[in-house]
Amino acid sequence: MPTSELAAQVADIAGQLSKQTTRPMRFMEVCGTHSMAVARYRLRQLLPDNVRLISGPGCPVCVTPASEIDAAIALAKRPDVTVVTFGDMMRVPGSDGSLALARAAGGQVQVVYSPMQALELAVRRPDRHVVFIAVGFETTAPGVACAVQEAHRQQVDNFSILCSHKLIPPAMAALLESGEVAIDGFLCPGHVSTIIGTTAYEPLVRRFAIPCVVAGFEPLDIMRALAALVAQVVSGQARVENAYERAVQPEGNQKAQQLISRVFEVTAAEWRGLGVIAASGLRLREEFSHFDALKRLDIELRPVPENPACHCGEVLRGVMEPHECPAFGRACTPEHPLGPCMVSSEGSCAAAYKYR
Amino acid sequence: MCLAVPGKIEAIEGLTASVQVGGVVVRARLDLVDDVQVGDYVLVHAGFAINKMDAAEAEETLALLGEVQRLADQ
């Protein structure tokens with residue numbers, strides 16, 4: 001499809017939306033990768049005034065609480081430990097510095113794109129204890145489960161994870177339960193849904209009568225999904241729709257789901273901005289607890305007061321848009337971030353700043 | 001971080017595949033997918049193939065990504 005035709009199709013869907021209804025509607029894009037795509041292709045500007053799209057809590061680095069960031073930094077400062085992390089985590093500010101600063105001060109911190117690389121490093125370097133910072137949603141957890149299972153099988157003793165995995169549907173439910181922000185429908189995350197399937201949203205739809213449409217990441221994917229959400233609201237329906245069929249099946253990836261269940265169990269988890277949400281996180285099962293970095297290296301999670309100047313919490317709950325934050329673009333920039341939403345490649349503030 | 005990209009499997013060694021993603025070959029583990037072979041398209045996230053994709057749909061996605069990139073660069 002030629003570029004101009006693609007742009008025309010996106011604009012055409014936007015045009016149709018404005019004809020369908022003048023009723024105000026607010027949809028939440030749950031996924032940080034969607035937030036970045038929406039900002040990058042300036043899709044908000046194409047939407048009619050009555051259709052608003054707000055960002056949600058779907059940036060794994062952003063929702064990792066400060067206590068866990070501090071634990072990662074504390075690990076990086078230990079002379080016997082090598083911390084291995086996805087790149088997004090490097091510059092996230094803790095209460096005292098960041099992983100990047102810990103590395104600059106002599107700490108051993110390595111960036112990888114796969115958890116298997118962390119395990120490979122542990123095998124190569126038996127003189128170091130290698131800790132993988134395991135952040136991510138359902139998309140990422142199966143790969144980490146695989147690395148842990150492999151470490152268990154190979155009896156790699158110098159490998160562990162700081163487990164901060166979180167689950168998306170319970171956070172969506174928590175947002176609706178709080179009633180703090182009015183949401184008429186969810187643009188559901190594409191690649192989380194590749195793993196959990198569209199059926200994972202059925203309980204939400206039944207309980208809250210909220211339209212849920214799973215979307216891909218191209219502008220046309222997102223606009224089509226928004227059109228489906230508008231159509232549901234206009235017709236008074238609430239159901240799960242799959243607008244990303246090329247990557248998402250109703251039942252999801254069952255092999256990945258089984259691997260998650262074998263290695264992890266569901267537990268309550270603390271989310272930055274959202275607090276503790278029941279059954280919204282993963283922890284290692286007893287059989288694999290040997291790979292829990294906190295236990296192995298005797299690191300305690302200490303509650304950390306939020307920086308009062310940082311409004312990431314409100315942004316993650318959808319009650320504040322990045323530009324409404326008093327610090328946005330002033331005290332808080334990608335070079336000098338006050339909070340993770342400005343520094344993560346999927347953070348709403350980073351997206352809003354980059355494409356402002 | 002939940003970004004995943006489609007790519008074509010060029011070689012398989014044990015549980016690891018070489019996958020061509022937009023002109024770059026990356027390593028991807030195959031633990032999470034069944035019955036994949038050289039020539040198949042998979043969606044790759046954080047070093048793992050997380051889903052097998054239909055060839056035509058994967059090629060359409062890759063073409064769309066190319067168009068979108070040009071659109072973004074304009």
Side-chain angles (χ1 to χ4, degrees), chain A residues 1-7 10 31-34 36-37 40-41 58-61 86-89 112-117 135-140 142-147 149-150 168 189-192 194-195 216-221 245-249 252-253 255-256 259 344-346, chain B residues 1-9 12-37 40-74:
Chain A
M1 190 189 301
T3 307
S4 56
E5 196 182 324
L6 181 67
V10 170
C31 170
T33 309
H34 276 151
M36 200 42 98
R40 182 177 184 190
Y41 305 120
C59 159
V61 164
F86 293 125
D88 241 17
M89 204 62 164
V112 292
Y113 76 92
S114 167
M116 295 307 286
Q117 292 173 291
V135 295
F137 299 126
E138 292 93 332
T139 327
T140 314
V144 175
C146 185
Q149 187 177 251
E150 195 61 22
I168 284 288
H191 295 140
V192 162
T194 298
I195 303 298
F217 296 91
E218 313 321 320
L220 206 48
D221 287 329
E245 285 182 334
R246 62 184 187 275
V248 177
Q249 281 89 46
N253 181 335
K255 205 171 178 184
L259 193 52
S344 166
S345 64
E346 295 188 321
Chain B
M1 238 179 73
C2 287
L3 191 65
V5 284
K8 189 177 188 178
I9 296 180
I12 297 176
E13 197 180 328
L15 273 170
T16 304
S18 299
V19 183
Q20 183 165 352
V21 177
V24 181
V25 176
V26 299
R27 278 197 309 159
R29 292 274 299 199
L30 301 174
D31 306 72
L32 309 178
V33 288
D34 281 320
D35 306 324
V36 287
Q37 45 196 319
D40 283 347
Y41 283 87
V42 286
L43 200 54
V44 179
H45 165 77
F48 283 81
I50 59 167
N51 197 33
K52 195 170 155 181
M53 287 186 90
D54 176 82
E57 287 176 337
E59 275 167 9
E60 187 188 315
T61 303
L62 287 168
L64 208 55
L65 280 172
E67 289 300 334
V68 163
Q69 190 59 50
R70 276 189 282 282
L71 199 62
D73 292 342
Q74 280 176 9

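Residue numbering restarts at 1 for every chain, and letters A, B, ... go by the order of the sequence lines. What you are looking at is a predicted structure, and each value in this text was computed from that prediction instead of being measured.
At a threshold of 4.5 Å between non-hydrogen side-chain atoms, the residues B/Arg29 and A/Cys146 count as touching. Two residues are said to be in side-chain contact when any heavy atoms from C-beta on lie closer than 4.5 Å; A/Tyr113 and B/Arg27 meet this criterion.
The greatest number of non-hydrogen atom pairs below 4.5 Å with chain A, out of B/Asp54, B/Asn51, B/Val26, is found for B/Asn51. Interface check for chain B: of the options A/Ala37, A/Cys59, A/Ala256, A/Pro142, the most heavy-atom pairs under 4.5 Å are formed by A/Pro142.
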Side chain to side chain contact (heavy atoms under 4.5 Å, CB included) evaluation trace for A/Arg246 with B/Met53: CA-CA 7 Å; A/Arg246 62 184 187 275; B/Met53 287 186 90; 4.0 Å; yes
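If you take CD1 on A/Ile195 and CZ on B/Phe48, they are separated by 10.5 Å, rounding to the nearest 0.5 Å.
Residue A/Gln249 touches chain B through its side chain alone, counting heavy-atom pairs closer than 4.5 Å. The parts of B/Ile50 that come within reach of chain A are both its backbone and its side chain, each placing non-hydrogen atoms under 4.5 angstrom from that chain.
Closest heavy-atom contact between A/Pro115 and B/Ala46: CD-O, 3.5 Å. Taking every heavy atom of both residues into account, B/Gly47 and A/Ser114 meet most closely at CA-CB, 3.7 Å. Across all non-hydrogen atoms, the minimal contact from B/Leu3 to A/Glu346 is N-OE2, 4.2 Å.
When each of B/Asp31, B/Asp34, B/Val33 is tested with A/Lys255 by the rule side-chain contact (heavy atoms from CB on, under 4.5 Å), just one qualifies, namely B/Asp34.
Atom NZ of B/Lys8 is surrounded by 12 or fewer heavy atoms from other residues, nucleotides or ligands within 6.0 Å.
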